[in-house]
Amino acid sequence: MTEYGPRPVDRRLPTEEARDLMTLVRELIEREIRPTAAEEEDASRFPRETFTLLSESGLLSLPYAEEFGGGDQPYEVYLQVLEELAAARLTVGLGVSVHTLACHALAGYGSKQQRADHLPAMLGGGLLGAYCLSEPSSGSDAASLTTRATRDGGGGWIIDGTKAWITHGGVADFYTVLARTGGPGSRGITAFLVPGDAEGLTAAAPERKMGMKGSPTAQLHFDGVRIADSRRIGDEGQGFAIALSALDSGRLGIAACAIGVAQAALDEALGYVAERQQFGRPIADFQGLRFMLADMATQIEAGRALYLTAARLRDAGQPFSKEAAMAKLFCTDTAMRVTTDAVQLLGGYGYTVDFPAERYMREAKVLQIVEGTNQIQRMVIARHLAGPESH
């Protein structure tokens, strides 16, 4: 019988250090993440100890500067690590992406003193971050947010309002919060770094989601939360620009996670069709199924190439906003198609919780929604191509 089945992804990494890093990541995954992923997701268990281990291993700080405890790795490498983590358990992969997003504002726009005071602990001190932009009535239209920060008369700020759909809401040690400090629109928004234990900050019960049940997503309520001005990031009114720059990078993280989930689904399908016998031979011998596998693999490779192209632009200091939107759009749509096909290839077994294909399919859906829906990505891409819409 012909040998079928999944093979490790052949990664073209730029340095020997990056290759050693990938070996470390794969060993950690097989030892600490993959064996319990299905059980912990089914139990809606948040793997805090896993994030502590990742922090100790330097895997929560990969794309940031070494002087503040970062790994000093290019995005080309960081995203491939993220893909491997997401393939093992999306709660972990997406969690690393969100933490990286939460550190972006301070790393990119904080003062030298702020970075020295906070970044070492954020990047390698066992802390976990979250990113607070969306609100109950402000999702895709993020510039209409209403959470407000007002001067307290003593040089600090008081934050009031509600944030929604916050990954790590209620369990994070720090939150990067976008709040209105001026008039309406994008120019009246400022960024703040808020401690997770700030007085007046509370989290609602986590949302009951169809997938990623191990990752808490919750509303956060700010009721007179007092913050020193030393925790304001960037200038007043600069917050929305900071948020957009973070989201360009964050979308690449989502793209990499999506390809990880898709790869995991393809691997599951390959393993199954190699073993399943019908009509006296493996079902992988049937052309209709072989063509499905070929399409799945081609879409995954195309998505991986697209997010890596955008990452290399970012690493070279070139504009990459359009390419990030394209990668997020294509890779997450690919994850949805591939996971759906994986369920189909497993037949009735694909619809049961005894196999991970159904979990991959449920998880893929959210990736088309988070950090800008795919409809928003199309708007972003079209603006780069044809200019802004006329009003």
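- Ion pairing of E76 with R312 is present here, as a side-chain N (NZ or NE/NH1/NH2) and a carboxylate O approach within less than 4.0 Å.
- Legend: residues meeting side-chain contact (heavy atoms from CB on, under 4.5 Å) with D354, ordered by chain and number and at least two apart, are T352.
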Practice prompt. Show the numbers, then the answer: is there a salt bridge (Lys or Arg N to Asp or Glu O under 4.0 Å) between D117 and R115?
Written response: CA-CA 5 Å; D117 287 346; R115 293 197 298 268; over 6 Å; no
Discussion item. Between D173 and R48, is the salt bridge (Lys or Arg N to Asp or Glu O under 4.0 Å) condition met? List the steps.
Written reply: CA-CA 11 Å; D173 300 295; R48 182 60 200 244; 2.6 Å; yes
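- Residues passing the side-chain contact (heavy atoms from CB on, under 4.5 Å) test with T147, sequence neighbours excluded: E135, I159, K163, A179.
- Here the side chain of R359 pairs no donor or acceptor atom with the backbone of E41 at under 3.5 angstrom.
- Remark: F174 engages H99 in a ring pair (Phe, Tyr, Trp, His ring centres under 6.0 Å) (not counting sequence neighbours).
- The closest side-chain donor-acceptor pair between D141 and S144 falls under 3.5 angstrom.
- With sequence neighbours left out, the side-chain contact (heavy atoms from CB on, under 4.5 Å) criterion links S245 to H104, Y109.
- For Y78, the side-chain hydrogen bond (donor to acceptor under 3.5 Å, both in side chains) criterion is met by T100, not counting sequence neighbours.
- Linking ILVMFWY residues whenever their side-chain heavy atoms come closer than 4.5 Å, directly or via other members, leaves V92 and L90 in distinct clusters.
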Item to complete: Output, in order, the C-alpha distance, side-chain angles, deciding distance and verdict of side chain to side chain contact (heavy atoms under 4.5 Å, CB included) for V343 and Y349.
Response: CA-CA 8 Å; V343 170; Y349 293 112; over 6 Å; no
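- Within the structure, every pair that satisfies the side chain to side chain donor-acceptor pair (under 3.5 Å) test and touches residues 326-337, not counting sequence neighbours, is listed here: Q299-R337, K328-N374, T332-N374, D333-Q368, D333-N374, D333-R378, T334-R337.
- Looking only at atom types and distance, the side chain of T91 has no donor-acceptor partner in the side chain of S215 under 3.5 Å away.
- Remark: R314 qualifies as a cation-pi partner of Y75 under the 6.0 Å distance and 45° angle criteria applied to the six-membered ring.
- Nearest heavy atom pair, residue P319 against residue L313, reads O-CD1, 3.9 Å.
- With a 4.5 Å cut-off on side-chain heavy atoms, V225 and I158 do not count as touching.
- Both L220 and V194 are members of a single hydrophobic cluster when ILVMFWY side chains are connected at heavy-atom separations under 4.5 Å.
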Show the atom names and distances, to 0.1 Å, of all donor-acceptor pairs under 3.5 Å that link a side chain in residues 303-310 to residues at least two apart or in another chain.
unit_1: R304; atom_1: NE; unit_2: E83; atom_2: OE1; d: 3.2
unit_1: R304; atom_1: NE; unit_2: E83; atom_2: OE2; d: 3.3
unit_1: R304; atom_1: NH1; unit_2: E301; atom_2: OE2; d: 3.3
unit_1: R304; atom_1: NH2; unit_2: E83; atom_2: OE2; d: 2.6
unit_1: R304; atom_1: NH2; unit_2: Q263; atom_2: OE1; d: 3.0
unit_1: Y307; atom_1: OH; unit_2: E83; atom_2: OE1; d: 2.6
unit_1: T309; atom_1: OG1; unit_2: A305; atom_2: O; d: 2.9

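- The ring pair (Phe, Tyr, Trp, His ring centres under 6.0 Å) search around F320 returns none, not counting sequence neighbours.
- Heavy atoms from other residues, nucleotides or ligands lying under 6.0 Å from CD of E49 number more than 12.
- Listed by first and then second residue, the side chain to side chain donor-acceptor pair (under 3.5 Å) pairs that reach into residues 192-202 come to none, sequence neighbours excluded.
- Neither V380 nor F330 shares a network with the other; the hydrophobic side chains, linked directly or stepwise wherever heavy atoms of I, L, V, M, F, W or Y lie under 4.5 Å apart, form separate groups for each.
- Note on residues 24-33: pairs passing side chain to side chain donor-acceptor pair (under 3.5 Å), not counting sequence neighbours, are R26-E84, E30-R34.
- The hydrophobic clustering, which links ILVMFWY residues whose side-chain heavy atoms are closer than 4.5 Å, places F192 and Y175 together.
- Under a hydrophobic clustering in which Ile, Leu, Val, Met, Phe, Trp and Tyr are joined whenever their side-chain heavy atoms come within less than 4.5 Å, directly or via other members, I283 and L270 fall into the same cluster.
- Counted within 6.0 Å of CD on E207, heavy atoms from surrounding residues, nucleotides or ligands total more than 12; the atom is thus considered enclosed.
- For E236, the CD atom counts as densely surrounded, since its 6.0 Å shell holds more than 12 non-hydrogen atoms of other residues, nucleotides or ligands.
- Between the side chains of D229 and W157, at least one donor N or O sits under 3.5 Å from an acceptor N or O.
- In this structure, D72 has no side-chain hydrogen bond (donor to acceptor under 3.5 Å, both in side chains) partners at least two apart in sequence or on a different chain.
- Within 6.0 Å of the CZ atom in F286, the count of heavy atoms belonging to other residues, nucleotides or ligands exceeds 12.
- Contacts of E39 classified as side-chain contact (heavy atoms from CB on, under 4.5 Å), with partners at least two apart in sequence or in another chain: none.
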